Amino acid sequence: MADEPKSETSAGRFTPDEVIAKQRNKQLMVMSAIIIVLAALVAITRSTRETESPIKEETLVGGTVEEPAFEKEDIQRIQVWQGSGEKFELVRDGDDWRVPVRFNAPADRADVETLVSRVFTSSRLNRPATTTPAQYLNYSLNDEDAVHLRLAGDSDRELLHILVGKAEGGTRDFVRLQGANAPEGIFELTGPGGSFDSLYGALKLDAAGNPQPGRWVSTEGFEPLPYTAVAQQLTIRDGDSTLVFNRKPGSDPGADEWQLTSPRKGDADSAAVQGVLDALSGYRADDIAGRDTDAGRFGLVPAGKEVAIVYTDGELQGTARLYFGKKEDSRVAVMLKAADKGEFIYWGGDYILSRVFRATPEFMRKVRLNLIPDGVNPDALTVQDGELTVKLQRESVGAAVSWKLEQPLKLEADRLAVSSLLTSLNTMQGYPVSGELDRVALGVGPGLSRRVITAVYPEKQAGEGDSDGDDTPDQPGEEKPTEEKPAEEKPADTGPKLKTAVLFFGNTQQGEVPVLRVIDGVEQLYWLKADTVAALFQPAGEYVKLAEIGLVKGGEKLADIRVANGDAVLQLQHKEQAGGQKQWSIVQPWEEIADQQQADTLVRALSRLQGARLNEPLDKQARELGDGLSKRQLDLQTTGQSTLSVFIGNEQHGLLAMMVKRGDAEEFWLVRDDDLYDLFVAPADYRDLGTFSGKVRHVLISWKGRAPGMQLKDPERTKAQARALAEEVLRRANAGEDFEALQKQYNEDDAGGNATKVYDVSPEVGFVKPFLRLSKELKIGEAGLVESSFGYHVIKRIE
């Protein structure tokens, strides 16, 4: 009888040896199964390897390296585009290439050759990196992002069409082949590699992968001056101003000596002229803006700015003309006309304008006018400006020196102001000119000049640095012949002889003023910058010595201020608020807490007010001083209950009449109008602005003396003229004229070189209060006018 099988679940039915044997059998079965699976995998792998071709490189253009599918010369058209975007083309033109979309401009031949060479030197792996469309995005070779490169021959026959992309790391090129028989998938390129010399990089794409036509354009045709050329004549025309410079006849070409020949004759600063030529010689364009037939559209016909250079190049002579038109961002449209140039309009950097188109004095060799010899103190100065004459007289008492204002007022002069005038006269520079002097045309000379400065000074004596008194330094060791008379024949010592020097100022022409200097009958004509001349002619009030008026005396403080300015009335009171703190409050024309900073500004201005006190009373009726006569008045009350009134009258010689009335006592002063600005601002400027924000543009128009250091477009402009001009700008702005264009034309706040700047305005920014207040009051698109300590602002709110 066979043995009865044992149950595996019955403990104790198997011996230990039987258990061990059974576990070994199981392990053998598992190992056998693994070996069978591995054998199957090996068989499958061997089967696959037998059908897969080995990895190798194939030329991108097809064929072999020795015999490519087509030659470089077969390419007639190159097209580049991204996704479904517009195609950018390069078209062969003989041995050159052109960019049809850029006015058929010549392409940069080297760039095209680089692209073609990289196509021909590139190979691809025969095995795709992936054939899964979902993975194409990793290589920028999905249908939306892929960049197409298509090469075509005659009759637009397609030679090669590939999609070019990059791996995520950006170090290798990958392509998708296009065409009826093109293999599927993405293939890695070999040959050119790396992010800087890849085929993708040679396509000149922007960051988004779009073609950049401007980067393919060649600007080699833009060469204002050949490298080997030597300039002989330079003409600079800027609007109505034309300057002509020529090399000095007979001068060494290497010395670069130049002279101005038109509109007048004088020695040029050769370094300045050569600097212009060097800047033009190295000037290069970065793109083509259009063809010469578009000159009118770019503001080049007629051109407002033009440069002409006549040059020699070996035995040849040529002329190059540069026309400058409209600006766009930091570029300017330029057209070059020369013997073999002139087909295109280019874009060049606008920095060249400031280097070339400058005021005439900046090109000239300047010298000091030397009205008064060095080391000599004048006895008298007379400054005539039209109908106004200011006469200053020097007085010496021992070692003490003072100046008196003799005309139009008899007052003590401010030594600092007189010293400033003398410094300006002694350091003033201009460039001398030669040739015939047309006094009438220039408006210069006796009987013709409206502005004249006369200095009377003692002749230099021996031992004062010029022993012969001829205003020229003595040479070391030089002996002067003497004509000493016998003692009995010597005349009595009557003191040094007085000499007179006169400056006659002519009519301003294009920012310059002709000045005729006459000393001992010897005449010399100079040209000076208009702003230099304007600084010499100040109203008489600028020379008056001022002292503190002291409206509040004895340590008292102001408690109540009433300001009447025409029909506008403001009353401020310093009173205790809730919590026991004292603050300035507006009680008229509103009742509210004042802007404490603005109120403090008024208090400081009152405490620092200066003037020239008069010993004799003024005609109150004629000078508009007193109740019912003054348009501007201040009534002040102090903490000690003292009261006084300040009346402002009319102006004469640059000074306003002022009367201070304390009870029945009257004091008469002369004050400067600009010193009163902080006393008579609009009542609205004392109100808290609250919270607001916006953006504005503005045009600042100022006047002579208002804001020292500001460059005025008209250095002689008066306050009344500034007001009239500001109102005209405001009218034009509200009539719809382009405000940015008005800024370019009139703005005297260049904001660091940006006259068209847009300002963010809010209470936190450090702008003057009237500017901020009007900016807040204006509606978007509205313009308004306000006066500040800088001048008149025409403000337009844009946001």
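Model, not experiment: these values are computed from the prediction.
Shown here for A320 and P224, the closest heavy-atom pair between the two residues is CB-O, 3.2 Å. Pairing each heavy atom of W258 with each of L234, the nearest pair is CZ3-N, 4.1 Å. The two residues T59 and S123 come nearest to each other via the heavy atoms CA-OG, 4.2 Å. In terms of heavy-atom proximity, N104 sits nearest to F344 at O-CZ, 4.1 Å. Contact detail for G325 and V332: the closest heavy-atom pair is O-CG2, 3.5 Å. Of all heavy-atom pairs spanning A295 and M335, the tightest one is CB-CE, 4.1 Å.
Panel note: side chain Q232, backbone T312; no donor-acceptor pair is recorded below 3.5 Å. Side-chain atoms of E748 come within 3.5 Å of backbone N or O of K713 as a donor-acceptor pair. The backbone N or O of L151 lies less than 3.5 Å from no partner atom in the side chain of Q79, so there is not a single donor-acceptor pair. A side-chain donor-acceptor contact under 3.5 Å links R176 to the backbone of L141. Under a 3.5 Å cut-off, the side chain of D329 and the backbone N or O of R331 do not form any donor-acceptor pair. Under a 3.5 Å cut-off, the side chain of R291 and the backbone N or O of F103 do form a donor-acceptor pair. Although no hydrogens or angles enter the test, the distance criterion places a donor-acceptor pair under 3.5 Å between the side chain of N747 and the main chain of L700. Proximity of a side-chain donor or acceptor of T219 to a complementary backbone N or O of D287 within less than 3.5 Å is not detected. With T130 contributing its side chain and T132 its backbone, the two residues share a donor-acceptor pair below 3.5 Å. Without hydrogens or angle criteria, R797 side chain to V696 main chain gives no donor-acceptor distance under 3.5 Å.
Between H148 and W81, the two ring planes are parallel [angle under 30°; tilted spans 30° to 60°].
In E362, the CD atom is crowded: over 12 heavy atoms of neighbouring residues, nucleotides or ligands sit closer than 6.0 Å. In this structure, E220 places its CD atom where only 12 or fewer heavy-atom neighbours from other residues, nucleotides or ligands lie under 6.0 Å away. The 12-atom threshold is not exceeded at CG of D240, counting heavy atoms of other residues, nucleotides or ligands nearer than 6.0 Å. In this structure, E737 places its CD atom where more than 12 heavy-atom neighbours from other residues, nucleotides or ligands lie under 6.0 Å away. Environment of CD in Q212: crowded, with over 12 heavy atoms of neighbouring residues, nucleotides or ligands closer than 6.0 Å.
Rounded to the nearest 0.5 Å, atoms CZ (F88) and CG (N210) are 12.5 Å apart. A distance of 11.0 Å separates OH of Y759 from OG of S775, quoted to the nearest 0.5 Å. Separating the CG atom in N246 from the OG1 atom in T235 is a distance of 7.5 Å, to the nearest 0.5 Å. One finds the CG atom of L280 at 5.0 Å from the CD1 atom of I309 (value rounded to the nearest 0.5 Å). Y227 OH to D313 CG: the interatomic distance, rounded to the nearest 0.5 Å, is 12.0 Å. Atom OH of Y136 is separated from atom CD1 of I186 by 5.5 Å, given to the nearest 0.5 angstrom.
Here the side chains of L60 and L177 are in contact, with some heavy-atom distance below 4.5 Å. The closest side-chain heavy-atom distance from R102 to I288 is not below 4.5 Å. No side-chain heavy atom of F324 sits under 4.5 Å from any side-chain heavy atom of D350. Using a 4.5 Å heavy-atom cutoff, the side chains of V147 and L149 are not in contact. Between Q510 and D238 the shortest side-chain heavy-atom distance does not fall below 4.5 Å. Residues R98 and R92 are not in side-chain contact: their nearest non-hydrogen atoms beyond the backbone lie 4.5 Å or more apart. Residues V765 and D760 are not in side-chain contact: their nearest non-hydrogen atoms beyond the backbone lie 4.5 Å or more apart. You'll find the side chain of I75 reaches within 4.5 Å of the side chain of F70, heavy atoms only.
The residue from F222, W347, Y346 that alone fulfils the ring-ring contact (aromatic ring centres under 6.0 Å, His included) condition with Y283 is F222. Between D173 and the options L189, T190, I162, a side-chain contact (heavy atoms from CB on, under 4.5 Å) holds for only L189. A side-chain contact (heavy atoms from CB on, under 4.5 Å) with W216 is found for one member of D108, L90, I78 and no other, namely L90.
Between R321 and E306 there is a salt bridge, since at least one side-chain N of the basic residue sits less than 4.0 Å from a carboxylate O of the acidic one. We find that D256 and R247 are joined by a salt bridge, their nearest charged nitrogen and carboxylate oxygen being less than 4.0 Å apart. Ion pairing between a basic and an acidic side chain is recognised when a charged N comes within 4.0 Å of a carboxylate O; D749 and K757 show no such pairing. Salt bridge R355/D278: absent, no basic N to carboxylate O contact under 4.0 Å. We find that K744 and D738 are not joined by a salt bridge, their nearest charged nitrogen and carboxylate oxygen being 4.0 Å or further apart. Under a 4.0 Å N-O distance rule, the pair R157/D74 does not qualify as a salt bridge.
Using a 3.5 Å distance cut-off with no hydrogens or angles, the side chains of D145 and S140 do not pair a donor with an acceptor.
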(request) Go through the steps for W97 and D111 under the test side-chain contact (heavy atoms from CB on, under 4.5 Å), then give the verdict. (result) CA-CA 10 Å; W97 289 83; D111 288 343; over 6 Å; no
(request) Would you please test V80 and L205 for side-chain contact (heavy atoms from CB on, under 4.5 Å) and show each step? (result) CA-CA 9 Å; V80 182; L205 308 170; 4.2 Å; yes
(message) As a quick check of understanding, evaluate salt bridge (Lys or Arg N to Asp or Glu O under 4.0 Å) for E158 and R150, giving each step before the final call.
(response) CA-CA 7 Å; E158 186 168 279; R150 181 176 183 270; 2.7 Å; yes
(message) Run the salt bridge (Lys or Arg N to Asp or Glu O under 4.0 Å) test on R215 and D206 for me, step by step, so that the C-alpha distance in whole Å, both residues' side-chain angles and the decisive distance to 0.1 Å come before the verdict.
(response) CA-CA 10 Å; R215 293 186 60 190; D206 63 17; over 6 Å; no
(request) Take D96 and R109 through the test side-chain contact (heavy atoms from CB on, under 4.5 Å) and record every step on the way to the result. (result) CA-CA 6 Å; D96 296 318; R109 188 172 179 179; 3.5 Å; yes
(request) Would you sort out whether R732 and Q745 count as a side-chain contact (heavy atoms from CB on, under 4.5 Å), showing the intermediate values? (result) CA-CA 12 Å; R732 292 168 60 179; Q745 184 175 358; 3.7 Å; yes
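Under the 6.0 Å distance and 45° angle rule, R124 counts as a cation-pi partner of F187.
In this structure, F363 has its ring center closer than 6.0 angstrom to the ring center of F245.
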